[in-house]
Amino acid sequence: MKYSLIMSGLLAASLLISCKAKNKEQEPSEKPPIAVDVVIAGSENISSILEVNGSVLSNEMVELRPEVSGRLIYLNLPDGATVKQGTVLARINDADLQAQLEQQKTQLELANKTLKRLSDLLKVNGVNQADYDAALSQVNTIQSNMKVLNAQIDKTVIKAPFSGEIGIRVVSLGAYVTPQTLIGSLYQTDKVKIDFTVPETFASIIEKGNKVKIQSNSFTESLDETITAIEPQINTVSRNIKVRAMLTKGIIHPGAFVKVVLDQNRKGIMVPTNAIIPDALSNQVVVVRHNKALFVNVETGLRNSNLVELTSGVNPGDSIIVSGMLFVRPNASVKVKKVVSLKEEIQ
């Protein structure tokens, strides 16, 4: 009986050891590193040429409209004439306002005499203070009324707000006009500006002071001009940026069509397009650091059929995976099989 118990114990121990050994053999070993090819991020020469359409605008342009209604009694709007700032271009009948102004002048003269007489009497206590204050108030009221009439008379005169060239006159002398009536236009033709739009992908390279080339049928050679202003907000519909350049030489009529050429040469990080992993919120690349795969969010700039610019997210010298990315997971062990160049990737 005792022998049977001993044999049973030995058999159970043997089976337990056998099961542990078998389970140990079935445990999976650590996965080997994934072999990948990488490209070293470096500062490359980037040359981008963008050609867009531009519109020529006067540096200053205004539609001439009267501020008050009335009949035109003076009109100095020769078609296409050049005028200086402050030149009187038109007058509206102001006879009633002039008559009211003369009436106020007469009343002011009488009120001043009354005020002087009361002032002399007040010095010898010949009149009370209230009578003098009433006379002074009358003088001030008349003077205020005269200022109002002078302001109304000024509105009947249309002057050139700046020096420029008059467009085509659309009214005649003696016409009755209102503030909605257009009588002509004034353009500053010695200075013009070029407005154009560029895609938002160029936002990082378009800066105030950059040079652009202006091409037009009005002159045979391209003109090198400077960007003077950039709209700070991107158009939410077209996703374009509005840019303005000033034309400092050459003669182009406002409203003309021109070509604007942006030729940018600069340094930037370029990677093959197949290194970019598109994501719902952002683009990503896989960077190898300490033999581990690290997924990094990046922002892209210019691109062509083979390469894309990375404007943020990576630094020069980073190793970016260009092949084997489908098998790589975050923080997975990787082994660099080959370091390739950009030329090898685009061939």
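Side chains included, hydrogens not; waters and symmetry mates left out as well; all remaining heavy atoms used.
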Same apolar cluster (I L V M F W Y, side chains within < 4.5 Å links), Tyr176/Tyr74: no
Can you get from Val62 to Val192 by hopping between Ile, Leu, Val, Met, Phe, Trp and Tyr side chains that sit under 4.5 Å apart? no
Where do Val243 and Ile206 land on the side chain to side chain contact (heavy atoms under 4.5 Å, CB included) test, with the steps shown first? CA-CA 9 Å; Val243 186; Ile206 296 294; 4.2 Å; yes
Thr87-Lys159 side chain donor-acceptor pair, cut-off 3.5 Å: no
Please name the pair of heavy atoms, one in Val261 and one in Gln215, separated by the smallest distance, quoted to 0.1 Å. CG2-NE2, 3.8 Å
Looking only at heavy atoms, the pair that brings Thr248 and Glu225 closest together is OG1-OE1, 2.9 Å
To the nearest 0.5 Å, what is the distance between CD (Glu67) and OG1 (Thr156)? 9.5 Å
Just do the side chain to side chain donor-acceptor pair (under 3.5 Å) check on Thr226 and Lys211 with the steps written out, would you? CA-CA 5 Å; Thr226 304; Lys211 293 292 184 180; 2.9 Å; yes
For the pair Ile214 and Ser222, evaluate side chain to side chain contact (heavy atoms under 4.5 Å, CB included) and give the outcome as yes or no after the intermediate values. CA-CA 5 Å; Ile214 308 296; Ser222 299; over 6 Å; no
Option among Ile276, Asn283, Ile269, Val298 that satisfies the side chain to side chain contact (heavy atoms under 4.5 Å, CB included) test with Val308: Ile276
Heavy-atom distance under 4.5 Å between the side chains of Val285 and Val314, does that happen here? yes
Connected via hydrophobic side-chain network under 4.5 Å: Tyr187 and Leu57: no
Could you check whether atom CD of Glu299 has more than 12 heavy atoms from other residues, nucleotides or ligands sitting under 6.0 Å from it? no
Working to the nearest 0.5 angstrom, can you tell me the gap between Arg289 CZ and Asn331 CG? 12.0 Å
Does the side chain of Pro199 come within less than 4.5 Å of Leu50's, by heavy atoms? yes
Are side-chain heavy atoms of Val139 and Leu108 found at a separation under 4.5 Å? yes
Looking at Phe257, I'd like to know if its CZ atom is crowded, meaning that more than 12 non-hydrogen atoms belonging to other residues, nucleotides or ligands lie closer than 6.0 Å. yes
In Å, rounded to the nearest 0.5 Å, how long is the span from CD of Gln100 to CG of Leu149? 5.5 Å
State whether the side chain of Asp79 and the backbone N or O of Ile168 hold a donor-acceptor pair below 3.5 Å, judged by distance alone. no
Are the side chains of Asn210 and Leu262 in touch, meaning some heavy atoms are under 4.5 Å apart? no
Taking all non-hydrogen atoms of both residues, which atom of Pro66 and which atom of Thr178 are closest, and how far apart? CG-O, 3.1 Å
Do you know the tightest heavy-atom contact between Gly313 and Val296? O-CG1, 3.2 Å
Test your reading of the model: is there a side-chain donor-acceptor pair from Ser137 to the backbone of Asp133, 3.5 Å cut-off? no
Closer than 4.0 angstrom, basic N to acidic O: yes or no for Lys155 and Asp94? no
Carefully, step by step, assess Val56 and Leu247 under the rule side chain to side chain contact (heavy atoms under 4.5 Å, CB included). CA-CA 9 Å; Val56 182; Leu247 192 69; 5.8 Å; no
Non-hydrogen atoms of Asp224 and Lys213 that approach each other most closely: OD1-NZ, 3.0 Å
Is the backbone N or O of Leu115 less than 3.5 Å from a side-chain atom of Ser119, with the two atoms forming a donor-acceptor pair by type? no
Hydrophobic cluster membership, with links at side-chain heavy-atom distances under 4.5 Å among I/L/V/M/F/W/Y: are Leu182 and Leu173 in one? yes
Between Ser163 and Gln85, is there a donor-acceptor pair closer than 3.5 Å when you use the side chain of the first and the backbone of the second? yes
If you round to the nearest 0.5 Å, how far is CG of Leu186 from OG1 of Thr82? 9.5 Å
State plainly whether one hydrophobic cluster holds both Met61 and Phe196, where clusters connect Ile, Leu, Val, Met, Phe, Trp and Tyr through side-chain heavy atoms under 4.5 angstrom apart. no
Lys193 side chain to Asn59 backbone, donor-acceptor under 3.5 Å: yes
Show your working on side chain to side chain donor-acceptor pair (under 3.5 Å) between Lys259 and Ser216 and close with a plain yes or no. CA-CA 6 Å; Lys259 287 285 187 181; Ser216 171; over 6 Å; no
Met146 versus Leu101: any side-chain heavy-atom pair under 4.5 Å? yes
Rounded to the nearest 0.5 Å, how far does CD1 of Ile34 lie from CZ of Phe327? 8.5 Å
Would you check if Val336 and Val334 make a side-chain contact, meaning some heavy-atom pair closer than 4.5 Å? no
Donor-acceptor pair, side chain of Arg244 and main chain of Asp195, under 3.5 angstrom: no
Considering all heavy atoms of both residues, which atom of Glu165 and which atom of Thr189 are nearest to each other, and what is their separation? OE1-OG1, 3.6 Å
Rounded distance (nearest 0.5 Å) linking atom CD of Gln107 with atom CG of Asn112: 12.0 Å
Is any side-chain heavy atom of Val36 closer than 4.5 Å to one of Lys335? no
Would a 4.5 Å heavy-atom cut-off, applied to side chains only, mark Val88 and Asn76 as touching? no
Checking side chain to side chain contact (heavy atoms under 4.5 Å, CB included) for the pair Leu307/Thr273: CA distance, chi angles, key distance, verdict? CA-CA 5 Å; Leu307 300 175; Thr273 53; 5.6 Å; no
Quick one: does Ser58's side chain have a donor or acceptor within less than 3.5 Å of a partner on Pro254's backbone? no
